[in-house]
Amino acid sequence: MDSCIIKSPLGFAQITGDTSGIASVTVLNSEEQVSETIPETLIDCVTQLNEYFDGERETFNLKLNPKGTDFQQSVWALLQQIPYGKSISYLELSKQLGDVKAIRAVANANGKNPLWIIVPCHRVIGTNGSLTGYAGGLHRKQWLLEHESPNQQQRLF
């Protein structure tokens with residue numbers, strides 16, 4: 001499995017993958033040494049993430065290979081259908097899966113998403129519009145949602 005570390009506006013991120021696809025993109029909570037060379041299998045991912053952060057990309061075109069249960073894979077597939085700049089509640093996501101009672105399982109699968117940003121779990125919010133649960137930290141979730149917002153506004157605080 002190939003790996004590299006990049007610096008993003010939200011901190012350092014580790015990318016892993018091979019010829020089968022990108023297995024994970026994980027935001028790190030510590031400073032790391034940025035990779036001097038990027039493995040060939042990860043170059044497209046690094047390029048597309050940089051384009052996303054530069055505001056030049058709204059969708060990703062990568063071969064993905066995340067590890068997870070069948071249920072997790074079905075949740076992650078639905079997450080990829082949430083349009084850039086839009087959000088959905090955990091309840092709505094559960095309804096799309098056909099079981100409103102699966103809301104906790106959906107939230108758990110969302111939290112185990114190994115493909116930060118590429119599978120946009122940050123676009124899932126609470127039913128009341130609150131920013132709930134995000135493995136990368138709520139400050140990153142807020143940043144990502146503001147980055148994707150069609151109504152760019154200067155922050156007051």
Side chains of residues 101-116: which donor-acceptor pairs under 3.5 Å do they make with residues two or more places apart or in other chains?
from	atom 1	to	atom 2	distance (Å)
Asn113	OD1	Leu115	N	2.9
Asn113	ND2	Val119	O	2.7
Trp116	NE1	Tyr134	OH	2.9

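- Here the closest heavy-atom approach between residue Ile22 and residue Thr41 is recorded as CD1-O, 4.0 Å.
- The shortest heavy-atom contact between Arg140 and Leu28 is NH2-O, 3.5 Å.
- Under the 4.5 Å side-chain heavy-atom criterion for Ile, Leu, Val, Met, Phe, Trp and Tyr, Leu62 and Val27 are members of the same hydrophobic cluster.
- Residue pairs meeting the side chain to side chain donor-acceptor pair (under 3.5 Å) criterion with at least one member in residues 79-89, sequence neighbours excluded, are Ser89-Glu92.
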Subject >> Steps toward side-chain contact (heavy atoms from CB on, under 4.5 Å) verdict (Arg123, Glu148) >> reply: CA-CA 10 Å; Arg123 295 179 188 154; Glu148 295 181 3; 2.7 Å; yes
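- Nearest heavy atoms, Gln14 versus Ser3: NE2-OG, 2.9 Å.
- Looking at heavy atoms from C-beta onward, Asn65 lies in side-chain contact with Lys67 at the 4.5 angstrom threshold.
- Environment of CD in Glu56: crowded, with over 12 heavy atoms of neighbouring residues, nucleotides or ligands closer than 6.0 Å.
- In this structure a side-chain-to-backbone donor-acceptor pair under 3.5 Å is present from Ser94 to Tyr90.
- Looking at heavy atoms from C-beta onward, Ile125 lies out of side-chain contact with Ile88 at the 4.5 angstrom threshold.
- For Trp143 and His147, the ring centers are positioned less than 6.0 Å apart.
- Lys63 places a side-chain N or O within 3.5 Å of a backbone atom of Thr19 that can act as its donor or acceptor partner.
- When all heavy atoms of Ser35 and Cys4 are compared, the pair lying nearest together is OG-CA, 3.2 Å.
- Side-chain contact between Asp2 and Thr16 is absent, with no heavy atoms from C-beta onward closer than 4.5 Å.
- Atom OG1 of residue Thr59 and atom CD of residue Glu51 lie 10.0 Å apart, to the nearest 0.5 angstrom.
- Hydrophobic clustering (side-chain heavy atoms under 4.5 Å, transitive across Ile, Leu, Val, Met, Phe, Trp, Tyr) groups Phe71 together with Leu93.
- Nearest approach of Val25 to Cys45, heavy atoms of both residues: CG2-SG, 4.1 Å.
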Subject >> Criterion side-chain contact (heavy atoms from CB on, under 4.5 Å) on Ile117 and Tyr52, from CA distance to verdict >> reply: CA-CA 9 Å; Ile117 298 175; Tyr52 169 85; 3.7 Å; yes
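- Taking both residues in full, the closest heavy atoms of Phe53 and Ser8 are given as CE1-CB, 3.5 Å, listed atom of the first, atom of the second, then distance.
- Asn50 CG to Lys7 NZ: the interatomic distance, rounded to the nearest 0.5 Å, is 12.0 Å.
- Among the candidates Leu49, Ile5, Ile118, the single residue satisfying the side chain to side chain contact (heavy atoms under 4.5 Å, CB included) test with Ile15 is Leu49.
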**OP:** Output, in order, the C-alpha distance, side-chain angles, deciding distance and verdict of side-chain contact (heavy atoms from CB on, under 4.5 Å) for Gln73 and Thr69.
**Re:** CA-CA 6 Å; Gln73 297 279 354; Thr69 66; over 6 Å; no
Original post:
Step by step, would you call Leu79 with Ile82 a side-chain contact (heavy atoms from CB on, under 4.5 Å)?
Top reply: CA-CA 6 Å; Leu79 292 175; Ile82 304 169; 3.9 Å; yes
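- Note that CD1 of Ile6 is 9.5 Å distant from OG1 of Thr47, once rounded to the nearest 0.5 Å.
- Cluster annotation: Leu138 is connected to Leu10 through the hydrophobic network of ILVMFWY side chains, with a link wherever side-chain heavy atoms come within less than 4.5 Å.
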